[in-house]
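Note that this is a predicted model, so its numbers are computed, not measured. For ligands, and for the atoms within them, numbers begin at 1 and follow the listed sequence.
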Amino acid sequence: MRVSVVGAGLGGLALAQGLRGAGIDAEVFERDPGIVARFQGYRLVLDLVGFQAVRDCLPARWHPLLDEIVMDASAEQLILDPQLTEIGRLGASRTGIVVDRQVLRHLLLTGLTVRTDAALTGYDVLPDGNVEAHFARRDPVAADLLVGADGVTSAVRSVLSPRTTPTDTGVRFVIGRTPLTDEFVSLSKAYGSKVAGDGVSLLLGAMRFRTPPKRAAEQLAPEVTLPDIGDYVRWAMILPPDGLPADLTARDAVLSRMDGWHPELRALIEQADPDNSALLSIRVVTPGERWPSGPVTLLGDAIHATSPTGGNGANTALRDADLLRRCLIEVNEGRQDLLSAVDDYERRMFDYGAEAVRGSLAKLPAFTPGALSDC
Ligand SMILES: Cc1cc2nc3c(=O)[nH]c(=O)nc-3n(C[C@H](O)[C@H](O)[C@H](O)COP(=O)(O)OP(=O)(O)OC[C@H]3O[C@@H](n4cnc5c(N)ncnc54)[C@H](O)[C@@H]3O)c2cc1C
C-alpha cells in the first residue's frame, strides 16, 4: 500500500511516522520551500490522549527522548490583572504535557521522505481506484490513498468537500517568545496564567527543558537531530475584532495595548525574539457533510480547525493520525479493505472533531469579549 500525505505539520508527520513504523510506504508533500522555512516554534500543551497518540506513532526506541524533551503542565490556573494581582482562577487544574512544536516536529521528521516545494493543486481519482495528486512544480504522484493534512486552508478539502470552508472569527492572535532569563524568573506565577487587560488577554507559558533538546538527542538517540534552543516564555495576546492598530509590528501592536502594565510584563514583550513572533487570524473549520467514500481523506486542521483558545487542535490532529494509522494497519494486514477502513476512521473523526471545534469556540469569549462563539 502506498500513501501520499499532503502537509508536513504535526498531524501529517505523525501519520507518516506511524505508517513507516508499520512498514507502509508513506511519502509527505509540503508546500513550504524548506522544512524550517517559517516560524513554527510555539509551546503546545498536549492532553494525555494527544501525547499518547504521538507516542504510539513513534518508534519505541525514541520514547525516552520524547519523555526527556517534554514537561508536565500544571498550575495553568490564575487570572491576574496587569499589575500581577490575582483576580480569579481559570478553573479546574489543566493537566497535560508541554512540548515545543518545533522540537516535536523535528523528531517527527526524522527518517521520513518529505518533498518540499510541493504545493498540491488538485487530484484525480483514477479508473483503477487509485488517486493521482497534482502539484504546482512537480510531476503527479499516484497512491492508494491521499491524505490531506494540509491545514486550515486545505487544497485537498477544497476538492473533496468544497462546501466545507473556514470561518474567520475576527479575533486576532499575536504570538511570540522571549528567552527565559533570570530577569523573568520573578514572573513565574504568571506562567500558565491569563493576564486580563482592557479588552485583551495576555497568556504566558514557560517552556523549560529538562535537558536542552539538541543534547538530549545526542545522548538518547544520536540518529535524531533536534534544534539548539533554550528555555523561553511563550506569550500570546488575543485581540478583539478591530483591536489591532494598523502599521505596527506584531510586537509593537501588543505593547500598544499594555500602557501602564507591570514593567516586567512590558519588558518581557520588549525583549521578544523578533524572528519568532507572528500575527495570526483565528479561523475555524467545522466538519459538516460527509463526502462519498473514496481514496482521499482529511486529518487535523484541514477538517476540524479549532480556536487556539481551546488548546486542542494539535491534540485532535495527533489523535486522527493515530486512529488513521491503526485503520490502515488493518488494511495492510489484510483484515479490512481500504475504503471501509477509511470510512471507519472518518465516522469517528467527524464526531470528536466537531466536538473539539465546538469546545474551542465556547472558550473564545472568555478571552475576548467581542468574539463570536457561534460561528
Ligand atoms: C499559537 C497557537 C498555539 C496553539 N496551541 C495549541 C495547544 O496548546 N494545544 C493544541 O492541542 N493545539 C494548539 N494549537 C493548534 C495546533 O497547533 C494545530 O491545530 C495543529 O498544529 C494542526 O496540525 P495539522 O498537522 O493539522 O496542520 P498544520 O500544522 O497547519 O500543517 C499543515 C501543513 O500543510 C502545509 N500545506 C498547506 N497547504 C498545502 C498544499 N497545498 N500542499 C502541500 N502542503 C500544504 C502547510 O505548509 C503546513 O506545513 C495552537 C495553534 C496556534 C496557532
Please determine whether any non-hydrogen atom of [X] lies less than 4.0 Å from an atom of ligand 1.
X: G50; value: no
X: F135; value: no
X: A236; value: no

Residue part near ligand 1, for [X], under 4.0 Å between non-hydrogen atoms:
X: A314; answer: both
X: V6; answer: side chain
X: S154; answer: neither
X: T316; answer: neither
X: N312; answer: backbone

[X] side-chain N/O to [Y] backbone N/O, donor-acceptor pair under 3.5 Å:
X: R319; Y: G353; answer: no
X: R283; Y: T165; answer: no
X: R43; Y: A206; answer: yes

What atoms in ligand 1 come closer than 4.0 Å to a heavy atom of [X]?
X: G11; answer: 25 (O)
X: I175; answer: 1 (C)
X: L10; answer: 25 (O)
X: G9; answer: 25 (O), 29 (O), 31 (O), 33 (C), 49 (O)
X: A155; answer: 41 (N)
X: A149; answer: 32 (C), 33 (C), 34 (O)
X: F29; answer: 43 (C), 44 (N)
X: A118; answer: 42 (N), 43 (C)

Student check: side-chain heavy atoms of [X] and [Y] closer than 4.5 Å:
X: F51; Y: V99; answer: no
X: V195; Y: H262; answer: no
X: D320; Y: Y352; answer: yes
X: P227; Y: V103; answer: yes
X: F184; Y: L180; answer: yes
X: I229; Y: P213; answer: yes
X: R115; Y: E27; answer: yes

* Partners of F350 by ring-ring contact (aromatic ring centres under 6.0 Å, His included), sequence neighbours excluded? -> W291

Taking [atom] as the point of reference, which of [options] owns the nearest heavy atom?
atom: atom 22 (C) of ligand 1; options: D301, V45, V5, L104; answer: D301
atom: atom 6 (C) of ligand 1; options: L44, L15, D47, V156; answer: L44
atom: atom 30 (O) of ligand 1; options: G313, G151, G7; answer: G151

Less than 3.5 Å between some nitrogen or oxygen of [X] and one of ligand 1, yes or no?
X: R31; value: yes
X: Y42; value: yes
X: T306; value: no
X: G311; value: yes
X: L120; value: yes
X: R101; value: yes

* State which residue, out of V285, D301, T153, T286, fulfils the side-chain contact (heavy atoms from CB on, under 4.5 Å) condition with P166. =>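 Answer to the side-chain contact (heavy atoms from CB on, under 4.5 Å) test with P166 among V285, D301, T153, T286: V285.
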
* To do: Would you please test T297 and E346 for side-chain hydrogen bond (donor to acceptor under 3.5 Å, both in side chains) and show each step?
  => CA-CA 8 Å; T297 193; E346 287 172 354; 2.6 Å; yes

* To do: Could you list the residues that satisfy salt bridge (charged side-chain N to carboxylate O under 4.0 Å, His left out) with E264, not counting sequence neighbours?
  => none

* Structure fact -> Rounded to the nearest 0.5 Å, the CG atom of L65 sits from the CD atom of E223 at a distance of 8.5 Å

